[in-house]
Amino acid sequence: MKSIYVLVEHREGKIRDITWELLAHAAQLAQVQEAEITALLIGAQVEEFIASLQPHAHQLLVIDDPKLRDVNAAVYQAVLEPLIKERQPYLVLMAHSYFGMDLAPSLAASLQLPLVTDAVALELSDQGPVATRMIYSGKVGARVALAPAATYLITMRAGTSPTPSGGLNATVTKLPCPFSEPISQKRFLEYIAAQVGDVDITQADIVVGVGRGIKEEENLPLVQELAEALGGVLAASRPVTDAGWLPKDRQVGSSGKTLKAKMYVAVGISGSFQHVVGIKGCETIVAINKDPNAPIFTQADYGIVGDLFKVLPPLTEKIKALKASS
Amino acid sequence: MEIIVCLKRVPDTAEAEVKIAPSGVAIESERLTFDVNEADNYALEEALLLKEKVGGQITLITLGDEESEDTLRMGLAKGADHAIRLADPSFEGSDAAAVARILAAAIRTRPYDIIFTGCASADFGESQVGPMLAANLGIAHAVMATKLTVQDDKQVRVERESEGGGFEAFEIQLPVVLAMQTGYNEPRYASIMKIRKAARKEIQLLDRSQLQLAEDQVGRSGSFSWIEQLFTPESGKMAEILTGTPEEAAEKLAGVIKERGIL
């Protein structure tokens with residue numbers, strides 16, 4: 001029987017949502033090919049998580065040690081390397097999170113094992129796992145095959161899981177931390193919280209996001225005027241804050257803010273996965289983009305395919321007129 | 001300080017239409033424009049800033065065809081000292097694990113303190129090569145790095161992005177691989193004069209045998225993964241497209257906003 005390991009990701013006393021998704025992926029794979037699901041819980045004082053994980057795995061391996069307190073991929077690697085070598089699970093599922101991205105590639109290279117990062121789907125074939133991932137700005141999908149190996153490592157994108165898992169009752173096995181001296185090569189120092197700016201875009205009812213399509217900083221007033229006409233605030237996708245045209249605290253997405261607006265208008269934003277995770281909670285999404293195949297249109301409720309420089313001026317006027325008449 | 005920057009030349013697909021080639025495992029690249037990978041450009045800038053601050057020399061490395069020498073020359077024009085292109089027909093089909101192995105073979109033969117890469121490539125976006133390179137060299141790494149402070153000749157303080165706009169700070173022993181995030185410096189432009197000067201600079205070529213790599217360590221046979229099939233994503237849920245001239249579309253959108261009572 002195949003063995004599927006899932007690395008539990010937790011932070012500040014809470015199991016991250018992606019962990020439940022990974023367990024659901026594991027459960028779905030176990031339905032197709034009989035497999036045993038093992039949840040791997042690593043950290044310091046992680047006992048409190050055990051009960052909530054038990055229904056989602058057959059086995060729970062717990063490595064609880066004060067040396068494992070910090071969120072440090074180098075420390076996790078020192079735990080996982082000997083464990084994977086010894087137990088040789090068929091699959092190890094990890095999150096394609098900022099933590100998983102720091103951990104999985106060097107773990108795979110050290111163990112000389114196949115790795116797929118940022119998978120959105122996973123199947124098991126007779127030749128091994130086949131992962132699906134998105135490439136070229138999300139415009140093309142790729143089915144990725146893997147060379148035969150004892151263990152395959154996969155990091156999965158958030159928001160891709162099937163129905164939640166449950167109904168199991170994992171046996172709990174506690175394992176010792178495999179090293180006695182702390183890892184000195186890379187030492188965690190501190191967490192620095194996100195900066196707080198003059199406008200909190202997470203609290204706004206109406207948000208207008210501007211992306212790469214705006215081309216020049218000088219063109220920003222065009223979008224600002226639309227935001228003002230709507231009584232909303234201006235936000236941005238990564239390329240715009242990277243260029244320094246808007247402050248970092250206006251950035252929407254995985255490395256920025258998560259919105260819960262009544263309406264989000266994406267202007268000149270192609271809709272990368274990293275951006276889209278920040279707008280999923282918005283009630284109505286509108287996209288204005290010149291590329292009819294831009295992924296943002298699959299996220300939006302309403303779309304205008306066109307040149308934003310031609311669409312925005314009349315749109316701002318119509319909104320002003322609408323406001324004046326109500 | 002011995003500084004190395006790994007650069008990749010990639011097609012710009014963010015604002016372009018992307019078509020799958022008849023082979024089904026690659027895209028049609030003829031009509032696409034190519035440039036240095038965005039994150040690599042930020043990594044190069046971080047290297048230039050570091051050199052200005054603490055001194056030393058910068059070596060650029062790329063794995064790619066002759067056209068990727070443009071990318072190296074751009075880096076030389078900006079202030080890098082040396083450039084190496086890793087080129088061999090057998091490198092074709094290398095996955096991230098094989099690319100990291102080839103880069104490590106090239107870097108291992110020279111002194112290095114800090115190796116910069118981008119945190120992700122704009123084409124495949126696997127975010128693997130930087131940390132895999134570190135593992136091949138047996139040194140530490142940080143991905144999504146945003147800020148570097150040299151403490152002394154033994155260690156650096158590195159900040160990296162974490163979810164939600166926060167940062168994690170680490171103290172890391174040298175040598176280190178830093179996979180740099182975009183947006184935390186301002187990549188410079190090279191002057192025309194320096195670009196002209198860089199055009200005459202020597203680019204060192206290294207092939208597989210010079211790197212002392214076996215045939216089964218590179219290319220498809222040295223890879224753990226390969227693309228089996230490309231496909232155009234199903235659009236699934238699709239927005240209701242408001243058609244017409246810009247004025248008409250704007251009018252329709254204003255109507256939707258009114259109808260939905262959003263304002």
Side-chain angles (χ1 to χ4, degrees), chain A residues 71 74 97-98 101-102 105-106 109-110 114-118 130 135-137 139-147 185-194 212 231 241-242 254-257 262-263 270 284 286-287 293 297-298 300-306 310-311 314-315 318-319 322-323, chain B residues 13-15 17-18 20 27 97 100 123-128 131-132 134-136 140-144 161-173 182-183 224-231 233 235-242 246-247 249-251 253-254 256-258 260 262-263:
Chain A
V71 183
S97 58
Y98 280 63
M101 293 164 91
D102 212 23
S106 68
S110 287
L115 165 71
V116 177
T117 46
D118 198 18
V130 177
I135 60 176
Y136 296 113
S137 319
K139 291 177 179 177
V140 178
R143 282 172 62 83
V144 179
L146 295 162
Q185 216 180 14
K186 181 180 180 183
R187 219 164 49 80
F188 179 81
L189 295 175
E190 60 174 324
Y191 180 75
I192 301 156
R212 210 187 282 267
T241 56
D242 273 1
S254 55
S255 56
K257 302 284 165 60
K262 278 163 72 179
M263 179 171 74
S270 67
T284 301
V286 178
N293 298 317
F297 288 118
T298 67
D301 302 291
Y302 300 95
I304 296 177
V305 177
K310 294 205 175 92
V311 174
L315 181 59
K318 310 272 184 212
I319 298 296
L322 183 64
K323 272 221 154 163
Chain B
T13 54
E15 297 288 303
E17 202 182 330
V18 182
I20 296 166
I27 59 164
D123 49 5
F124 296 123
E126 293 175 304
S127 297
Q128 292 184 10
M132 282 185 166
N136 274 278
H141 72 270
V143 311
M144 307 276 162
E161 261 181 14
S162 75
E163 275 90 354
F167 301 89
E168 295 161 359
F170 292 90
E171 193 168 71
I172 305 180
Q173 307 292 317
T182 58
F224 287 123
S225 68
W226 58 90
I227 290 172
E228 197 177 64
Q229 183 73 50
L230 295 184
F231 62 91
S235 47
K237 190 195 113 192
M238 189 68 192
E240 181 185 334
I241 300 297
L242 308 169
E247 284 76 14
E251 179 76 48
L253 182 53
V256 167
I257 290 169
K258 186 181 177 188
R260 289 203 151 196
I262 288 166
L263 291 190

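Chain A is the first sequence line, chain B the second, and so forth, proteins listed ahead of strands; every chain is numbered from 1. None of the values given here were measured: they were computed from a predicted structure.
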Problem set entry | Side chain / backbone / both / neither for A/Ala74 at chain B, heavy atoms under 4.5 Å | neither
Problem set entry | Among the listed options A/Ala145, A/Ser254, A/Ser255, the residue most often paired with chain B at heavy-atom distances under 4.5 Å | A/Ala145
For this session: Taking the side chain as every heavy atom from C-beta outward, state whether B/Ser162 and B/Phe167 have any atom pair closer than 4.5 Å.
Result: no
Seminar exercise, completed: Okay, B/Ile241 and chain A: the region with an atom under 4.5 Å from a heavy atom over there is both
For this session: Verify the distance criterion only: is there a donor paired with an acceptor across the side chains of B/Glu126 and A/Thr117 at less than 3.5 Å?
Result: no
Exercise. Do A/Val305 and B/Leu242 touch side chain to side chain, with heavy atoms closer than 4.5 Å?
Worked result: no
For this session: Name the option with the most non-hydrogen atom pairs under 4.5 Å to chain B; the candidates are A/Ala142, A/Ala287, A/Gly306.
Result: A/Ala142
Exercise. What option among A/Met263, A/Lys186, A/Met101 has the most heavy-atom pairs under 4.5 Å with chain B?
Worked result: A/Lys186
Exercise. How far apart are the closest heavy atoms of B/Pro131 and A/Ser106, and which atoms are they?
Worked result: O-CB, 3.4 Å
Exercise. What part of A/Leu322 gets closer than 4.5 Å to chain B, counting heavy atoms only: side chain, backbone, both or neither?
Worked result: side chain
Problem set entry | Which portion of A/Val116 sits near chain B, non-hydrogen atoms under 4.5 angstrom | backbone
Problem set entry | Side-chain touch A/Phe297/B/Glu240, heavy atoms, less than 4.5 angstrom | no
Problem set entry | Proximal component of B/Met132, with respect to chain A [non-hydrogen, under 4.5 Å] | both
Problem set entry | Contact origin within A/Val140 toward chain B - heavy atom pairs under 4.5 Å | both
Exercise. Is there a side-chain contact between A/Lys262 and A/Thr284 (heavy atoms, below 4.5 Å)?
Worked result: no
Exercise. Highest number of heavy-atom pairs under 4.5 Å with chain A: which of B/Ala249, B/Ala254, B/Pro246?
Worked result: B/Pro246
For this session: For chain B, find which of A/Ala193, A/Pro114, A/Ala109 contributes the most heavy-atom pairs closer than 4.5 angstrom.
Result: A/Pro114
Problem set entry | Pairs of heavy atoms under 4.5 Å with chain A: top-ranked of B/Glu163, B/Met144, B/Glu251, B/His141 | B/Glu163
Seminar exercise, completed: So, the part of A/Asp102 with a heavy atom under 4.5 Å from chain B: the answer is both
Seminar exercise, completed: Between A/Val144 and B/Ser225, the two heavy atoms sitting closest are CG1-CB, 3.8 Å
Problem set entry | B/Ala134, part contacting chain A, at a heavy-atom distance under 4.5 Å | neither
Exercise. Is any side-chain heavy atom of A/Asn293 less than 4.5 Å from a side-chain heavy atom of B/Glu17?
Worked result: yes
Problem set entry | Check: A/Leu315 and B/Leu253 side chains under 4.5 Å, non-hydrogen atoms | yes
Exercise. Looking at A/Gly256, A/Ser110, A/Gly231, which makes the most heavy-atom pairs under 4.5 Å with chain B?
Worked result: A/Gly256
Seminar exercise, completed: With chain A, the option among B/Gly165, B/Ala135, B/Ala169 that has the most non-hydrogen atom pairs under 4.5 Å is B/Ala169
For this session: Quick one: which of A/Val286, A/Val71, A/Leu115 has the most heavy-atom pairs under 4.5 Å with chain B, could you say?
Result: A/Leu115
For this session: Measure distances from B/Ala140 to the heavy atoms of chain A and classify the residue's part below 4.5 Å as side chain, backbone, both or neither.
Result: both
Exercise. Can you tell if the side chain of B/Phe170 reaches within under 4.5 Å of the side chain of A/Arg187, non-hydrogen atoms only?
Worked result: no
Exercise. Quick one: what part of B/Ala100 sits under 4.5 Å from any heavy atom of chain A, side chain, backbone, both or neither?
Worked result: neither
Exercise. For B/Arg260, which of B/Leu263, B/Val256, B/Ile257 qualifies under side-chain contact (heavy atoms from CB on, under 4.5 Å)?
Worked result: B/Val256
Exercise. If you count heavy-atom pairs under 4.5 Å with chain A, which of B/Ile262, B/Val18, B/Ile227, B/Asn136 comes out on top?
Worked result: B/Ile262
Exercise. Would you say A/Lys139's side chain and B/Ala14's backbone share a donor-acceptor pair under 3.5 angstrom?
Worked result: yes
